[in-house]
Structure formats: structure tokens, C-alpha cells
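Okay, structure first, notes after.
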Amino acid sequence: MKRLFFIMIGLLTILCTKAEDGSRLWLRYDTLRTAQVTGTEGKASEVLKLYYDGKQVTLNLDATMPANDGYTISGDKEKATISARTEAGLLYGAFALLRGETGSSSPYFSLRLLNHWDNLDGSIERGYAGESIFWNEKLEIDPAKIEAYAMANASIGINGTVLNNVNASPKMLTPVYINKVKEIADILRPWGIRVYISVNFGSPKALGEVETADPLNKKVRRWWKKKADEIYKLIPDFGGFLVKANSEGQPGPFDYDRTHADGANMLADALKPHGGIVMWRSFVYGAKHKGEDRVMQAVSEFKPHDGEFRDNVILQSKNGPLDFQPREPYAPIFDQMTKTTQMAELQITQEYLGHSQQLVFLAPMWEEFFTYVAPSKLKGIAGVANIGLDTNWCGHHFAQANWYAFGRLAWNPKMTSKEIAEEWLKQTFENEELKVKGEESKGNERRFRKENGSQQRRQRRVPYSTVYASLLDMMLRSREACVDYMMPLGLHHIFKFDHHYGPEPDGFKANYPLEWCPVYYHKADEQGVGFDRSTKGSGATQQYPEPYRTLYNSLETCPEEFILWFHHVPWDYKMKSGRTLIDEMDFRYQRGVNEVIDFIATWQQAKPYIDPQRWQEVNDKLTTQLVDAREWQQVCTKYFGSFARQKK
């Protein structure tokens, strides 16, 4: 109890401080302690006692409700009731009540997971917000920080987390790290969050305990079974394993002439007695199908084994067939694997969308994905986290919106980007005191002009409602703006090597795999630009079902947002706008830059209504974003224009 007391004090310090530095995320509740909360004790009651501004709440565990962590909220501010089958459902209902919701709601996906690409030394692969909140070389954890992380996740319905990088170290399965996982699990459990870990497929051999990692070897199978038993003895509700195998140098079943199904099923058999699952990633290239169009290799490797996986294996695939590009078509593996349970992997961290330097709201990208892939095809959804030890958690105040959006879409994939952005903006930036001061200043300004003459030049304050609408619009436009100033019309993967920040369309390194080189993807020459994936090229269009197979295969019918993804297009090809391809590319790049200029103007108008620290920090980021957008525009228009001019 003493330890719990100090954890809660630390949690209050992190989440309830009045300082507007972003550390409170969207949980900017005033500590009230005025509500009378009766019924089931737990995190739901703790949260409502601290933060609810109504009079009375009853928490009711109802065994007749569906066992899916859903909830029902009835009543009003005077007397409200939250009913749920589970304590987690009550907790989700408590946060919904704090958002002002009423009625019933249930999660669409049973698995709503964050994937942390955190390394055991504290660094984070594709992390742009500081070091890991879980791992460091001293193997010390901050319970209050992890408790605050748990609360934030619970507030948006996330119910699981993978604690370490998919490029996993075998050390993750040694006792010292398993014990550390237990410590973290004990903090997360009361918030309805189960822990999972990424495992290195070659661990038995790498740790020197078995001479091989062959999934059909009896000693190897016994090793994994024993390891699973060891983990579940310490963590009875442990979720399972995430695996990256035979991809980008990671060991896997191919090393022993076995299949993905052989490898996944071995792990599944070890976890099955405990109720655990295996999430086996389909992000593979350069192994058995080296030389094939990279975007086709996942289907080529997995389709022949559809139906061979155990029922506790879930195939986890990225939303697109390449690698989290600002825009790419959906991955056809979601259509091809009809006998295998699947889940989608989205990237919350902005590896290819400006890191933590650029304001890019990702909900529109994910909303677009769900127009192609029906949520009913999926068991769950995973998001590669953007969380670190930075004060504001995500490196950019608006990057918090992507964490929030992921959780809300994982709960309800039918939510619109606008609905999510409205929720987040209100909870994250609305400040009644500044709103009143801003409106009063507007009134004082009108009086000043009246008394001193219209010739007095003063910057006019914009009403709060107008500013709010502009901020909302900025968020909803930001992803399309990013596509425009980076890679419009289906261009893809033309980033600088390794760190993926900034343009390098001429990128080629003879000592690198060709699939890592930008020139492989745009194939610009004197005739045109784009990757021919029609039946005249790689044939990737044939992995899609109708109507997309025919739609994408023809240059005339291919949607313009994907035209350079699927076709090598002549520079003088007439676009729908009437412009030639090269002129359309120039137009899109300029349009993207113009959007960022407009975002800066929008943020300037918001200054009276935003606290000074966060306003300045976002303003600085937007300034950087404009520099970056102009670099993209200048580098890419010059590079592609040099080919187009050759033709002329």
C-alpha cells in the first residue's frame, strides 16, 4: 500500500500540474475531489473521485452485459450510472463520462495494442521523442511515469502493449528482463493493459542453450515451451509474442528451410496452454523472393501457407504493401489471406512523415485505409508508438493527436477524422481563462479603434470559434499537405538513406540492397517517371481483387493519387487538371508549401488562446516544417524537371 501511495502521488504530479508543457497530454483535468462515487472500487472510481465535476456516480458491474469491455452511461450530472461487465469496461466508461459521453459503446477490436520499438539500452528505433520509458542500461523504471502512460492509454481504450523492438535482442528472454517485464505488467494491469514482448526467433541458439533454432527440432520446441511456462508463472495474464522473422537480417524459419507457418506454430504451441497469442509480422522482403517487386513479396511468401497457421497465430501486416509511406495503396495481403486471422499494423511515429518536426495528423490516412480494408477482416490493430521521455511524450504537441487518434480508431474504426480531432483539440488546448481574455482583448481592441480612429493599424484578434475551426481544418488538411510537398501522385520512398528525413530522389548506393535506394522506386528517365506495376511491368496489380485489379492496371483509370505507384507515366501525359504530368507535379509541390504557410498563419491567429510555452514550441516546429517543405519542393522539382527537360 505504501508503494501504491507514492505511485499515485507521482501520477498526480505528472498529470495534474498546472504547467502547460504538454506533459498532461489530453488529460488536463482539474483535481476536484467533489464527486460521490459508489459501487465497484478500482481505477474507475479513483479517476472519477479525482476529476469528475458532477455530483454522484454509481459504478455497476453487470454480469448480463457482453463480456467485451463495453459500457453504458445513463443519468446526468446530478446522478450518473456507469454499467459494464468488466472493471476495464467501467474504466473506459469513466473516461467517456469525463469526455461528456452518454449511452452505450463497445470496442470493435478485441486487440488494441501499441508496439514499442524500444531497445534495451533505452534507444528507440524510429523514435523522435527521447529515450524509452521502459528500458535503460541501469534497468530502472519510473513507476509514476509508467502509471501516467497507463492512464493515458486507458483513457482511449488501448488494452495491450508490446514493450520492446521487433528487431529483438535475445536478452529479452533472460530472467533479468523477464522480471522487469513483470514489474511493468504489475503497474499496467489495473488499467486494463496486458503486456507482450517481441522475441528474436533465434534466441535458443543465440543464448547458447540449444545448438539450433530449427522450429521442428524437439529440443528447440521444448526450450520455447519451458520459456513460456517461466514467463506465465511470473505474469499469468501475459499476452504473447510479436515476431519479425527472416526480414532485414532477422533470423527465422527460412534459415532451416522451414516455412513461416512452421515457425509461428512452434511458438503458438508453447503459448497455447496459457492462452497466449503469436503476432507474426508479414513485413518480409529480400529472403525467398529476392529480386521480385518488394511490394509483392509478402503475398508471395504467405499466400501458399494460408490456412496452415494455428488458431492463436495472428498475421500482422502494415497498412500498405511497402513501408508506412505518406500515401500508399492498401496491402493486398488483407484480401489474399482468407483462412488466417489478421491484424493491421499502423505507424503512429512519423518515420516517413517528418519525424517529430512536422505537424501531420494521421487519422485521415488511417480512415482512408479502412475504406479499403473492412474492419470485419481484422482481429485487432497495432500502432507503432511515438512515445518517449520527452516532457510532452511525443516530441511535438500535435503528435499527441496521433496517439489519441490511434486509440479512438482502435475502439471504433467508424469514427471520422473530424470527430477525433474535435475531441482531441478540445481536451488538449481549450483554456477557458485564455478564451475569456482573448475575447475581452478583442472587445478592448474594438473600443480602441473606435476611440482612436480607424487609421490606427493593429492586428485584429480572431474570435475563438473561428480559431478553433481553423485549427481543426489545419489538422484535417495536414496529411494531404505532407503528401503534396513530399511525394505527390504516388511517388514513394525517395527519402534520404537510413534516417528517412528529407528528400534524396537521386539516392543510390551500390553496397545497399536495391530496395533501399530511391531510384528503384521512381525510375525517372527521359521518357517519364513511376514504377510500372501493371501487367506490362511487375504485375503487382494482379494481387488485388476486382474492381481494384482492373482499376489500378490501366493508366487511364488508375486514381491519380496512385498513378506513379502503379505506372511509368510520360512527362507530357495530360492529367485531369489539364496540366502535363511534370506541371502537375510542380503544382502539387507548390501547393504543399502553400499549405504550411497557411498553417503558420492559422497558428499565429491562435496565439491569444494558447498557453505561451506550447504556442511557442509548436510555432518553432511549424517554422522548421516550412523549411523542410521548401527543401522537398526545390530538390524534387529540380531533379525530376531535369529529366522532363531532356525530353523537350
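We're numbering straight along the sequence, starting at 1. Quick caveat, the model's predicted, so the values are computed rather than measured.
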Could you pull out all donor-acceptor pairs under 3.5 Å where a side-chain atom in residues 370-381 meets a protein atom, sequence neighbours excluded?
from	atom 1	to	atom 2	distance (Å)
Thr371	OG1	Glu368	O	2.5
Lys377	NZ	Asp335	OD1	2.4

- [ ] Determine, step by step, whether Tyr149 and Thr161 satisfy the side-chain hydrogen bond (donor to acceptor under 3.5 Å, both in side chains) criterion, reporting the C-alpha distance in whole Å, the side-chain angles of both residues, the deciding distance to 0.1 Å, and the verdict.
- [x] CA-CA 11 Å; Tyr149 162 85; Thr161 185; 2.8 Å; yes

Open item on the list: Quiz question: by atom type and distance under 3.5 Å, do the side chains of Gln347 and Tyr352 form a donor-acceptor pair?
Closed with: no

Task: For the student: nearest non-hydrogen atoms of Glu595 and Ala481, plus distance - done: CB-CB, 3.6 Å

- [ ] Flag the pair Tyr404 / Phe361 as yes when their ring centroid distance falls below 6.0 Å, and as no otherwise.
- [x] no

Task: Side-chain ion pair, Arg327 and Glu480, N-O less than 4.0 Å - done: yes

TODO: Evaluate the ring planes of Tyr501 and His499, with Trp represented by its six-membered ring, and classify them as parallel (under 30°), tilted (30 to 60°) or perpendicular (over 60°).
DONE: tilted

Open item on the list: side-chain contact (heavy atoms from CB on, under 4.5 Å), that's the test. Do Leu626 and Arg630 meet it? Break it down for me.
Closed with: CA-CA 6 Å; Leu626 181 57; Arg630 283 175 168 156; 3.7 Å; yes

Open item on the list: side-chain hydrogen bond (donor to acceptor under 3.5 Å, both in side chains) for Trp403 and Asn153? Distances and angles first, verdict last.
Closed with: CA-CA 9 Å; Trp403 178 7; Asn153 281 322; 2.9 Å; yes

Run the side-chain donor-acceptor check on residues 488-496: report pairs under 3.5 Å with partners two or more places apart or on a different chain.
from	atom 1	to	atom 2	distance (Å)
His492	ND1	Gly490	O	2.8
His492	NE2	Arg533	NH1	3.2
Lys496	NZ	Glu631	OE2	3.3

- [ ] State, yes or no, whether a side-chain contact exists between Leu188 and Ile146 at a heavy-atom distance under 4.5 Å.
- [x] yes

Open item on the list: Test side-chain contact (heavy atoms from CB on, under 4.5 Å) on Glu430 and Tyr464; report intermediate values, then the result.
Closed with: CA-CA 10 Å; Glu430 191 169 90; Tyr464 175 78; 3.4 Å; yes

TODO: Please check if the distance between the ring centroids of Trp411 and Tyr92 is under 6.0 Å.
DONE: yes

